[in-house]
Undergrad: 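The following block contains the structure, expressed as structure tokens.
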Amino acid sequence: MPAHFASWFRPRFYALMTVAIFMEDTNSLIEQRKAKLAALRAKGIDPFQNKFTPTETCAEARGNYVEGREVSVAGRITAHRDMGKSMFIDVRDQSGRIQCYAQKNVLGDEPFVIFTHLDLADFVGVKGTLFTTKTGEISIKLSSFTILAKSLRPPPAKWHGLEDTEIRYRQRYLDLMANPDVKDVMLKRSAIIHEIRNFFHERKYVEVETPTMQGIPGGAAAQPFKTFHNALGCEFYLRIALELYHKRLLVGGIDKLFEIGKNFRNEGLSRRHNPEFTMLEAYCAFGDYATMMETVESLITTVAKKVLGTLVIEHPMKIRFKRELNNAIVKLKALHQKLTEDFGKSLTNSDVTTEAYLNFNSVFSASIRELELLSHLNNQTPLDQAIEQAKRSFVNCSVEGNTFRLSPGMEVSEKQVKGHTSEFLSFIEQALPQLESLKIEAGAIAPESLNKIIDLTPNWRRAKYNDLVKEKAGADWFTISADERRQHAHDMGAEIGKEFEDFEVTNAVFSKFIEPTLINPTFVTHLPKELVPLAKLSPDDPTTVEVFECCINGQEISPGYTEQNDPIAQRATLEHQAGGEQQKLDEDFLVALEHGMPPAGGIGIGIDRLCMMLLGQESIRDVILFPQLKPK
RNA sequence: GCCUCGGUAGCUCAAUGGUAGAGCAGUUGACUCUUAAUCAAUUGGUUUCCGGUUCAAGUCCGGACCGGGGCACCA
């Protein structure tokens, strides 16, 4: 063995490195790291240790500062500052970061050379004593170190974090490494679920687990995933809801129960939908929907207080809005130019106008939605005027399905738009300056002032479905004829299918124009019975059911029911539902009900959406560690 | 499934159709209290993939793949 490690290490090290690079030059950064690994092994050092037991975490070391106290910590190297004969590194574990100071004359020449060749992202265990640097940072003066795990790939980022959404979701570990905010959200999600469990345990609810694989998937109207059991030779479905098994447990005498588990629904993916999502369902015998309203309100405020320490939650709104706006302006200008040229040449050329229409349709649908939402938020921002102005032209000019409305009296279908080039042009000329001024004003505004504020302070608003509809669509909504309602809904800009029944027309207005505006918690009660066929009728108004929808942040967070315990009525509605033979009848469940189920209140809460609301995330993918993506 | 925006070095981003660049990371050298360390030098690219137009394509056109947003499906 050479007498001086330093002189041995370098030439041998680079000889190895060169060989490695010539062998495979796919990624030189990886090859360099592999060469360092080989060099360490050649020296008899195993950079993948089985165990290292630190005396404390990085945060504990910093928190319990006593000058000269001996400590050992372990973690990943996240930064290094090389000073020649001394060196600073940052070591980070889950608790946080601590700076370590290595000196050549303390460690010795050989170990110091090894130390300076450590890479970002390597795991090390260090021993040393606490001290404070000139600039006042608590640090560890190293007496020794052990390489615990060498990282063979470069870490993603130092300052900007990792931005590439695809890598963030597919390789979440990199996201967690690089973006502290992401880790914070995920840890808070864990805390939220912990507090939910605490809440129910304190109220003497029993936590249960029910089958994920079911022969007949029931409890919701959704497409299931199908799977196959080899030994039994039969098909199973992944559950779409927990409900039917929970009710069996009510029959069996478990009076207060809850489950937190995955549901699987075979649907498209979106900002609010992941194919597998976490659901909380809870049932309380001898309670009803009013009991459950109290439960939901108490649960969510308790969790918010414990995890966030506040009942007032801010959501940033600005980014998408500004980008959409800019996008729209650029697009509109190009459109205008193209149309003008075409219009000058030939009045009858329809293709360009039709194309323009289609472009307009897709570019603007998002902008219109955002404008609508912003104007609903009610909190006065300097943008209000500009939004109102721009809205006036947009609300008059809206796009639904295949119909494009230039002004209140004038509607043009996609096929007819060809004849209206001049109207289209003048609309653009009118809209452009408004958008421009909106953009200027939006640019001048601090992003925070556009934040959406959700106030969870009790007592939460309780409102009847019909009252909310009347508030938005006119006090005479339920006294005018069904045809008038249909026309009115259409005028408001709702999409009304030809086959829609009357209650569906009203509900289209509700889900498009009312639900998105319910930012602060609101229990919507007394839903029309047609809308929720499986629920029990309200004794005080038999046209409605004892159901609530708890809306927060413009989304339904939790539905709650007085559960149906009349086996005959339940069978009738289920048979009616199954009439389209889409889902088979769960005979076993119906038999269970016939044995008698106590009156009960029940709720479901989508945990992912609850986390979005509490943690200020606009996408469900940002509250799920590994969201579903298309396989590469 | 449909519409739309995007994919450039390990990371974050540039590049009127005309030699693919910067900062950081990496490597080398200097420096024993730095913390986005500093200073000097330097490596690194099948511009996601396939095809087309052109004397010339990261850029224009067509297609595929993946992602974001919107819609549809779905409470």
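Residue numbers start from 1 in every chain, and the chains themselves are labelled A, B, ... in the order their sequence lines are given, proteins ahead of strands.
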Undergrad: Between Leu531(A) and Leu269(A), which residue's closest nucleotide on RNA chain B lies nearer the 5′ terminus?
TA: Leu269(A)

Undergrad: Distance between the C1' atoms of A57(B) and A15(B), in whole angstroms?
TA: 13 Å

Undergrad: Counting the atoms with a prime plus P, OP1 and OP2 as sugar-phosphate, which does Gly161(A) contact under 4.0 Å by heavy atoms, base, sugar-phosphate, or nothing?
TA: sugar-phosphate

Undergrad: Scan Asp82(A) against the nucleic acid and name what it touches under 4.0 Å (heavy atoms): base, sugar-phosphate only, or nothing.
TA: base

Undergrad: To the nearest Å, how far apart are Phe131(A) CZ and C33(B) P?
TA: 11 Å

Undergrad: Compare the minimum distances between each of U34(B), C66(B), G69(B) and the side chain of Arg81(A), then state the nucleotide with the smallest one.
TA: U34(B)

Undergrad: In whole Å, what is the span from the CE atom of Met177(A) to the C1' atom of G10(B)?
TA: 13 Å

Undergrad: Out of C66(B), C73(B), U34(B), which nucleotide sits closest to the side chain of Glu137(A)?
TA: U34(B)

Undergrad: Select base, sugar-phosphate, or nothing to describe what Gln555(A) touches, counting heavy atoms under 4.0 Å on all strands.
TA: nothing

Undergrad: So what does Thr133(A) touch, heavy atoms closer than 4.0 Å: a base, only the sugar-phosphate, or nothing?
TA: base

Undergrad: In whole angstrom, give the distance that lies between atom CZ of Arg272(A) and atom C1' of C71(B).
TA: 11 Å

Undergrad: Would you mind classifying the nucleic acid contact of Ile557(A) as base, sugar-phosphate or nothing, using non-hydrogen atoms under 4.0 angstrom?
TA: nothing

Undergrad: Counting just side-chain N and O atoms, does Arg170(A) come under 4.0 Å of either OP1 or OP2 of G67(B)?
TA: yes

Undergrad: When all nucleic acid strands are considered with a 4.0 Å heavy-atom cut-off, which category describes Asn263(A): base, sugar-phosphate, or nothing?
TA: nothing

Undergrad: Find which nucleotide of RNA chain B each of Met83(A) and Asp119(A) is nearest to by heavy atoms, and output the residue with the more 5' nucleotide.
TA: Asp119(A)

Undergrad: Classify the nucleic acid contact of Asn266(A) as base, sugar-phosphate or nothing, counting any heavy atom under 4.0 Å across all strands shown.
TA: nothing

Undergrad: Students often get this wrong, so: under 4.0 angstrom with heavy atoms, is Arg33(A) touching a base, only sugar-phosphate, or nothing?
TA: nothing

Undergrad: Round to the nearest Å and state the distance from Glu163(A) atom CD to A25(B) atom P.
TA: 18 Å

Undergrad: Check the distance between U32(B)'s P and Asn105(A)'s CG and give it to me in whole angstrom.
TA: 10 Å

Undergrad: To the nearest Å, give me how far apart CZ (Arg168(A)) and P (U12(B)) are.
TA: 11 Å

